[in-house]
Amino acid sequence: MARILLVEDNEMNRDMLSRRLTRKGYEVVIAVDGKQGVDMATSENPDLILMDMSLPEIDGWEATRRIKADPAVSAIPVIALTAHAMAGDREQALAAGCDDYDTKPIELPRLLEKIAAQLARVGKSAPVA
Amino acid sequence: MSAESPSKESPLAKLRHDLRTPINHILGYSELVSEELADQGIDSVAPDLAKIRDAAQRLLAMVGEHLSEEGFAGLVEGRSLESSAAPGSKKPAASISTTPAVDDSAAEIPGRILVVDDNAENRETLARRLQRQGHSTAMAENGAEALEILRREPFDLVLLDVMMPVMDGHAALDAMKSDAELRHIPVIMISALDELESVVRCIEIGAEDYLPKPFNPTLLRARIGASLEKKKLRDQEQEYLHTIERTQRRLSEELQEAGNYVQSIFPAPTEKPFRIDWKYAPSMELGGDAFGYHWIDDDHLAIYLLDVCGHGVGASLLSVSAINVLRSGSLPETDFRDPGAVLAGLNEAFPMEQQNNMYFTIWYGVYHRPTRVLRHASGGHPPSLLLIPKADGGTDLRELRSPGMLIGAMPGMTYGSDSCEIPPGSRLLVLCDGTYEIKRPDGTMIEFEEFTTFMREHGTRPDGLDALLSWVKELRGGQPLEDDFSILRVEF
């Protein structure tokens, strides 16, 4: 079962997304800020990370940079989630090392596709819905 | 935040984000609940959940449309969310979006307001809101620009951001409060909540109030209303003050003019055939003393000095009336060569009941040149003094007294005349009580004998009258005169 690390500070977003992903057959582990996200990338060994970009402590950009700078976890795909579709956000997300990028509000089918694509890229498989 | 991080989000982007988050929750949960219920075979609420999702989708669309940089510009132009969202319809989404009503009804006191903020969006949003409430506005993007505009145009109120480049709110306020032209304009500081400490400093140097960002519309309206009301009251107060000042200035000018007129009717000092001079110093702009002299015919010289009770405008008017009667000789059937008859005539002409309860004292003398005889009468007036040269070079002093009631106090009074022969080289001093009833600063009065002694010594000197006034002022010790001062001198 593919394991996803969801890094999200907003409780409702966290609850909703984790429940929906769980329903789709993923195992979801949760970090509530950037620092915890970085730590859990190592300790939880997830197959994929969904990273909210506006986070307290260290933000999603910095957390991603740290993850991508650590050879032990740098291969884990990171999908950035940003609240505002500002021009340039996609480029910046990719520049920070994110493997893909999606905007809120989450359209679940679209996000599931991106998750599946990233898992396939690293030789893992998405659960069969 | 490192350099590669996205630039600090604009307030509009933050607003978008803050609005989208709860809508996303509605959307996400309604989808989730739909799926979970479908799993359990419950589909009765599916249509309602679909409606909620639909409404949430439309809300999201509206947030995107109106809170984009372009959409926002249209919104502040006055286009409401409702009118642009769903024309002619009352869909739930449209009514939800207009629920938080902003009170933009006309302000009670419309004012001219200068909005100073370096953030164009803040500045324009605020200005438009104020305009919708009926105020007129101007904008400046820093303190320096604000001062320039303030010195050019009048304003009723300034809304001043604290943090600005070029010149911040604190410096601009400081400049305003040290400028006499701008000091009176009320200033409300605009500040983020974490700038409260500097707001306190601003209030200490004269800011009227402050408004925290983001604006609470009700608070904004209330504070602006209160400031404008205070400004209006203060403006009225200033207007009244100016009116009073103008009136005072005008009255003072008119009093000065009246005083000049009174002095202009006193005859000029003369040398022929006798040397006659006088000294006059009213205690206020207008005095109650008046005097004069004129030849009744070739042989008779009339000399007179009167003193209306009190001083000021009323006393002055009566003194001028009375002196003009004497100058023009206009008393019915009166021989102006007869002092007693003249005083009786004046007493009938100026009863105090008809003169605002004012009365006057007078000394009136007629000098008959061929016989060197002076006939005189007094209506309650101090005696005149006659300074007679002695063979040894000294001076004799005679007081020319005659009994008589003050003029106007009681009808039907008769006044007797006394006579005396005037030795050659004598000087006659006709005076009022203001020349000798002098109160020293310690409250004691000088004695009449002190006065006569002074006059015996100085009264014959050419500058004797000036010397007397100087002496009197000296006795007052710098205090103003309490009564009008007038003295007339004739050298026979």
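Given the structure is predicted, the values throughout are model-derived calculations rather than measurements. Chain identifiers are assigned alphabetically (A, B, ...) following the order of the sequence lines, protein sequences preceding nucleic acid strands; residue numbering begins at 1 within each chain.
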How far apart are the C-alpha atoms of B:Glu35 and A:Arg20, what are their side-chain angles, what is the distance that settles it, and do they pass the side-chain contact (heavy atoms from CB on, under 4.5 Å) test?
-> CA-CA 9 Å; B:Glu35 291 170 13; A:Arg20 299 183 79 181; 3.8 Å; yes
Just wondering, more than 12 heavy atoms not from [X] lying within 6.0 Å of its [atom1]?
{"X": "A:Glu11", "atom1": "CD", "result": "no"}
{"X": "A:Lys68", "atom1": "NZ", "result": "yes"}
{"X": "B:Met163", "atom1": "CE", "result": "no"}

What is the distance from atom CG of B:Asn24 to atom CE of A:Met12, rounded to the nearest 0.5 Å?
-> 12.0 Å
Measure the spacing between CZ of B:Arg20 and OG1 of A:Thr103 and express it to the nearest 0.5 Å.
-> 6.5 Å
At a heavy-atom separation under 4.5 Å, does B:Leu60 approach chain A through its side chain, its backbone, both, or neither?
-> side chain
Of the backbone (N, CA, C, O) and the side chain (C-beta and beyond), which part of A:Asn10 lies under 4.5 Å from a heavy atom of chain B, both, or neither?
-> side chain
